[in-house]
Amino acid sequence: MDLSDTPQEAEFRARLREWLAEVLPAVPPKPDPADWPARRAYDLGWQRTLYDAGYADVHWDASPALRMIFLEESEKAGAPYVGANFVGLLHAGPTIAAEGTDAQRARWLPPILRGEEVWCQGFSEPDAGSDLAALRTRARRDGDDYVVTGSKIWTSHAEVADWCELLVRTDPDAPRHRGITWLAMPMDAEGITVRPLRTLAGSTEFAEVFLDEVRVPAANRVGAENDGWRVTMVTLSFERGTAFVGEVVACRRVLRQLACTARENGRWDDPALRRRLGRLDAEFRALWRLTQWNVSEAAAGGGVPGVGGSVFKLRYSGARQELYDTAAAVLGPDALDLDRPWVLDRLSSLSYTIAAGTSQIQRNIVAERILGLPKGR
């Protein structure tokens, strides 16, 4: 498989690099990480800048290869991260583009691309653990609406979101994977209570969401009723397959910085540390090649990433934790100083073996869908 740029991709990469070099010096400084309204405004402002320059639709209307080039070059140039736009741009938006009706695409995709609306993800539930199909939030049909009651946890960006990609159980008597429906819920609907959760790193990008008889128009259903599990697999394939591309580039940059810091503070003299850095360099190079392979496979399969995304997500989440554990070894006692680089990243890296599907779930997917092993009893 040829993983090099085509002439079209090379031209896109060069044009994007030139534009980033021109526009980034004028981007304002990042706001206080604890000020989510300010972070929302900052992230939406950057998205509007992309839209005005013609780059906003790269997540949906470009090939997977161009999407990957965009994420790679943006990270290398130090462009703002998608931030509060993460769910809309990388999860909900691609799902609606792939599974939504023409009317749904016309309603929801342009505001995401223009930096006007933020989405959150309402998948996980307190009593379901890592078993997403065990969700119990109920939705009963009442005329032209679904009436939703239940709760969600780890709802990304709920406190500043306009919309929520919401999984609900519409048929409690159906087998658990078949009675689920994917809804787009307006976050200003009556009956929604958002309670921010403070993470180990001190941030509040997650929240509990409580739903008390919330009315969601049936027109907001993406896919057929009770077919939400299949639609969810499309969402998760984007989340695991291409959403972490920029982060792989960021980890490779951190690795280079760690090597420089180790040379400066004398820890480079430790052969065990040098071996760790060398092994991580090989790890992230391999992950980058795997990402390219997954993107090429997605391009051949209609744009939706395949189960190879689970292989990537499984190994990437572990490698990221190993990277920041190594950062602690490089920093020494300074690894306890929350104001030092990489310390908060180390704390947040602990969540990566849970986010987007736990490592245990990814191992099951790899075993059953790739290796063909029998399901556990």
field: Nearest heavy atoms of A319 and L280, plus distance in Å
entry: O-CD2, 4.0 Å

query: Got a salt bridge between D270 and R267, using NZ or NE/NH1/NH2 to carboxylate O under 4.0 Å?
result: no

- request: Evaluate the side chain to side chain contact (heavy atoms under 4.5 Å, CB included) criterion for residues R169 and L135: first the C-alpha distance (whole Å), next the side-chain angles of each, then the deciding distance (0.1 Å), finally the verdict.
  value: CA-CA 7 Å; R169 188 162 296 283; L135 66 91; 4.0 Å; yes

Smallest separation among heavy atoms of F12 and F70, with atom names: CE2-N, 4.1 Å

task: Run the numbers on Y146 and L166 for side chain to side chain contact (heavy atoms under 4.5 Å, CB included), then give the verdict.
output: CA-CA 12 Å; Y146 288 101; L166 184 72; over 6 Å; no

- prompt: Angle class for the W108/W119 ring planes (parallel below 30°, perpendicular above 60°, tilted otherwise)?
  reply: perpendicular

- prompt: Transitively linked via ILVMFWY side-chain contacts under 4.5 Å: F86 with L109?
  reply: yes

- request: For E72 and R17, run salt bridge (charged side-chain N to carboxylate O under 4.0 Å, His left out): C-alpha distance rounded to whole Å, both residues' side-chain angles, the deciding distance at 0.1 Å, then the answer.
  value: CA-CA 10 Å; E72 177 189 7; R17 282 180 179 174; 6.0 Å; no

- line: With W268 as partner, the option from L277, L273, T261 fulfilling side-chain contact (heavy atoms from CB on, under 4.5 Å) is L277

field: Steps toward side chain to side chain contact (heavy atoms under 4.5 Å, CB included) verdict (L44, N85)
entry: CA-CA 7 Å; L44 290 179; N85 295 313; 3.1 Å; yes

field: Check against side chain to side chain contact (heavy atoms under 4.5 Å, CB included), W342 and T326
entry: CA-CA 10 Å; W342 311 314; T326 304; over 6 Å; no

query: Do V118 and W46 belong to the same hydrophobic cluster, where Ile, Leu, Val, Met, Phe, Trp and Tyr are linked whenever their side-chain heavy atoms lie under 4.5 Å apart, directly or via other members?
result: no

message: Between the side chains of R215 and D142, is the shortest nitrogen-to-carboxylate-oxygen separation below 4.0 Å, so that they form an ion pair?
response: yes

- line: To the nearest 0.5 Å, atom CD of Q121 lies from atom CG of L90 at 11.0 Å

query: Distance from W182 atom CH2 to F123 atom CZ, nearest 0.5 Å?
result: 6.5 Å

task: Ignoring hydrogens and angles, state whether a donor on the side chain of T137 or E125 is under 3.5 Å from an acceptor on the partner side chain.
output: yes

- prompt: Shared ILVMFWY cluster between F206 and V160, side chains joined below 4.5 angstrom?
  reply: no

- line: Smallest heavy-atom separation, P110 atom then R105 atom, equals CD-O, 3.2 Å

- prompt: Heavy-atom distance under 4.5 Å between the side chains of R221 and T170, does that happen here?
  reply: no

- request: Answer with yes or no whether the side chains of E117 and W163 bring together a donor and an acceptor at under 3.5 Å.
  value: yes

- request: With the side chain counted from C-beta on, respond yes when V168 and M185 share a heavy-atom pair under 4.5 Å apart, and no when they do not.
  value: no

- prompt: When clusters are formed by joining ILVMFWY residues with side-chain heavy atoms under 4.5 Å apart, either directly or through shared neighbours, do V209 and L183 land in the same one?
  reply: yes

query: Under a single-linkage definition using a 4.5 Å side-chain heavy-atom cutoff for Ile, Leu, Val, Met, Phe, Trp and Tyr, are L211 and V147 assigned to the same hydrophobic cluster?
result: no

- request: For the pair R276 and E283, find out whether any cationic side-chain nitrogen is under 4.0 Å from an anionic carboxylate oxygen.
  value: no

- request: Compute both the distance and the angle, then confirm whether R39 meets the cation-pi test with W36: under 6.0 Å from the six-membered ring centre, within 45 degrees of the axis.
  value: yes

field: NZ/NE/NH1/NH2 to OD/OE distance under 4.0 Å, R140 and E213
entry: yes

- request: Evaluate whether atom CD of E11 has more than 12 neighbouring non-hydrogen atoms of other residues, nucleotides or ligands under 6.0 angstrom away.
  value: yes

